[in-house]
Q: 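The structure follows.
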Number of protein chains: 2
Amino acid sequence: MAVSVREVAAAASVSVGTVSNVLNRPEKVAPDTVARVLAAIDELGFVRNDAARQLRAGRSRSIGLVVLDVRNPFFTDVARGAEDRAAEDGMTILLGNSDDNPDRERAYLDLFEEQRVHGVLISPRSDDLPRLERARSRGVPVVLVDREAPDRRFSSVAVDDVVGGAMAVRHLVESGRRRIAFVGGPASIRQVADRLEGARRAAAETPGATLEVVETSGTTVLEGRAAGEAIRDRASEHRPDAIFCANDLLAVGVLQALMMLGDVRVPGDIALIGYDDIDFAQAAVVPLSSIRQPAWLIGYTAVDLLLREARDGADFEPEQVQFQPELVVRESTGR
Amino acid sequence: MAVSVREVAAAASVSVGTVSNVLNRPEKVAPDTVARVLAAIDELGFVRNDAARQLRAGRSRSIGLVVLDVRNPFFTDVARGAEDRAAEDGMTILLGNSDDNPDRERAYLDLFEEQRVHGVLISPRSDDLPRLERARSRGVPVVLVDREAPDRRFSSVAVDDVVGGAMAVRHLVESGRRRIAFVGGPASIRQVADRLEGARRAAAETPGATLEVVETSGTTVLEGRAAGEAIRDRASEHRPDAIFCANDLLAVGVLQALMMLGDVRVPGDIALIGYDDIDFAQAAVVPLSSIRQPAWLIGYTAVDLLLREARDGADFEPEQVQFQPELVVRESTGR
DNA sequence: CGTTCGTCATGAATCGTTTCAAAGATAGAT
DNA sequence: ATCTATCTTTGAAACGATTCATGACGAACG
């Protein structure tokens, strides 16, 4: 069925070694031999078998990417950045969504390891460091995405979520709000925990400011809507005067619950700020203030680091890249 | 470096064939032998080399997916559906974004072919049927996504975009609008062309209704905003009284330009309807009317078809699945 | 006791590409 | 005509898992 180098070699009356040379080091082969081989390849419709190359090379030309959920525009952008950088080197991205499920995360890591991926990009849910450590020790470069490395042995590309969280709450406080609610969860997601931590610190700076936590079971629009409805249904004196959501999807959901399904005004009654600054934030019912992160660049940089590590092997000095979050003020916090 | 079956076999004092049997047909191996081998695997940290398996098996356990751009929530959902179905069979998704660029599309197809993917899911930009045909003839199942098969030789999962386009314009007409603008492009994208075609037909049904086309160079929020600004800056008597956008991203952009950067009211001055019904449509400044498509289901079904075709080989009868679009009415068309 | 059947284990051959030491060919120098 | 030096080509070995024909062993049967 499939055409192999052997048949190409026969058709061009050369050896298989020469065919391989034409494919990989054409400058080492006499011009007319190259032409003859290429003609044979073309005529027979030969397509290299990557599995065989990999077997010999010891690793594949794919990079595994494990994220919480690509449906979150933040991760989608990260994935695009990663793909764009990977494509520059003729590599492909293997996509895996962990759905905040340690088992799925582990399953993907195993799968990727079997595929002998060139490396793994992971926005790790669980702190299954041993597993990552093991992968590394087997020579699989691992780069942590959107997560600072716990020790200097991993490369990472991250944004300081504690700073970002503090930024958000400080902004709310500066616009005169005091009774602040944090909507987000589960706390097991590091990004959520860090943003909350930052929020706590910022709230603690201001006497009289309080921070209430409304925990959600996930970070989608739906869960945001549920949290928003719970807040909306309280007696108005028990409502916060500002809400900081762990991401923009939640904020969009909260917005729906408050304004569109209820009659709480944003920012009149409650100021609202999200996180990530996804494309839709500025197109929301009330344009959403948010904390911006360079998502595409994070993905791009992560693959870049990964490829460097793959190239330099043991000589590679892990690098921790840290981007800074940025406050974007829009109507939802009463510009 | 890497541990192979050979070393596992040595450690467990059995032959490599037995190790392979433990891995693939444990019921054929005596229980205590199985235990011994598993212990050895565990101790040595053996991980199967998928390249070697593939080489023998002739194909990989990945499925290639080529879409226009995963950043479009519609495709993100398709990708998630595909991944979810693939995961059920222990397969992974190789992601490729063509960016509406025939060269990139071709590059990914070549790459996937070299990887001997289990099959290819493609939302084909160009009508490079010959190439797809060639892939098929080499035994690679191909399923067209969001695109009806031009002939019965390909399986496909699609939604009737002509019907959807007609639905949108009919709705606008029924709410009393007459001077309708279609915002979308480039026309080379089939989905865009079909939706426009549907819009044309629906407009033609009503005497007095006109359809103007405002062509865009892409289908993102940014391009929508540009088109919206162009319309906003016209003298008001030259503005349409309704806009149908080729997708929701464009509609969001148009909305920004009209209402947030300008003072054209939606739906007061201009009614607006999008396409895809992405999650954010209902959270937009003015909740967006749209035409809904079952994105996740499309991806899921496509992989299902693909796996069936891969299993049954030449016996497989290509199947064209067609879902129906659905009108979702919200404020933007003046509920 | 000899035969048959079933259960397990074996190991060489195979998949398709790449690598590399070695041989062969050619041209230029002496 | 001989010897180098350079340029090309060769073909076998290797990567690691799977397959399958073959054989070893024991139990059951007549």
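Each chain gets a letter, A, B and so on, in the order its sequence line appears, and its residues count up from 1. Hydrogens, waters and symmetry mates are skipped; everything else that's a heavy atom, side chains included, is used.
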Q: Sub-3.5 Å donor-acceptor pair from the side chain of A:E148 to the main-chain atoms of A:V159, do we have one?
A: no
Q: Indicate yes or no: does A:R190 engage A:D146 in a salt bridge with an N to O separation below 4.0 Å.
A: no
Q: Under 4.0 Å, heavy atoms only, any strand: does B:R48 hit a base, just the sugar-phosphate, or nothing?
A: sugar-phosphate
Q: Would you call A:R152 and A:E317 a salt bridge, taking side-chain N to carboxylate O under 4.0 Å as the test?
A: no
Q: With a 4.0 Å cut-off on heavy atoms, is A:R25 in touch with a base, just the backbone sugar-phosphate, or nothing at all?
A: sugar-phosphate
Q: For A:S20, answer base if it contacts any base atom (sugar-phosphate contacts may also be present), sugar-phosphate if it contacts only those atoms, and nothing otherwise; contact means non-hydrogen atoms under 4.0 Å.
A: base
Q: For A:V5, report the nucleic acid contact type (base, sugar-phosphate, nothing); a contact means any heavy atom under 4.0 Å.
A: base
Q: Between B:A30 and A:N24, which residue's closest nucleotide on DNA chain C lies nearer the 5′ terminus?
A: B:A30
Q: Return the minimal non-hydrogen interatomic distance between A:A149 and A:S156, and the atom names on each side.
A: N-OG, 3.3 Å
Q: Quick one: does any side-chain atom of A:T76 pair with a main-chain N or O of A:N72 as donor and acceptor, under 3.5 Å?
A: yes
Q: For B:R104 and B:N97, indicate whether the former's side chain and the latter's backbone hold a donor-acceptor pair under 3.5 Å.
A: yes
Q: Classify B:D50 by what it touches in the nucleic acid, base, sugar-phosphate, or nothing, heavy-atom distance under 4.0 Å.
A: nothing
Q: Can you give me the first and the last nucleotide of DNA chain C (5' to 3') that has an atom within less than 4.0 angstrom of a non-hydrogen atom in chain A?
A: C:dG16 to C:dT19
Q: Which is true for B:R56 with a 4.0 Å heavy-atom rule: it touches a base, it touches only sugar-phosphate, or it touches nothing?
A: base
Q: Hey, does the side chain of B:R116 reach the backbone of A:R48 with a donor-acceptor pair shorter than 3.5 angstrom?
A: yes
Q: Closer than 4.0 angstrom, basic N to acidic O: yes or no for B:D32 and B:R36?
A: no
Q: Taking only distance into account, with no hydrogens and no angle test, what donor-acceptor pairs under 3.5 Å do side-chain atoms of residues 50-62 of chain A form with protein atoms, sequence neighbours excluded?
A:
residue : atom : partner : partner atom : Å
A:D50   : OD2  : A:Q54   : NE2          : 3.1
A:R59   : NH1  : A:H118  : NE2          : 3.1
A:S60   : OG   : A:S62   : N            : 3.1
A:R61   : NH2  : A:G90   : O            : 3.4
A:S62   : OG   : A:T92   : OG1          : 3.4

Q: Is A:V19 touching bases, backbone alone, or none of the nucleic acid, heavy atoms closer than 4.0 Å?
A: nothing
Q: Walk along DNA chain D from 5' to 3' and tell me the first and last nucleotide with an atom closer than 4.0 Å to a non-hydrogen atom of chain A.
A: D:dT8 to D:dG16
Q: When you match B:S15 and A:R53 each to their closest nucleotide on DNA chain C, which lands nearer the 5' end?
A: B:S15
Q: How is A:T18 classified with respect to the nucleic acid when contacts are heavy atoms under 4.0 Å: base, sugar-phosphate, or nothing?
A: base
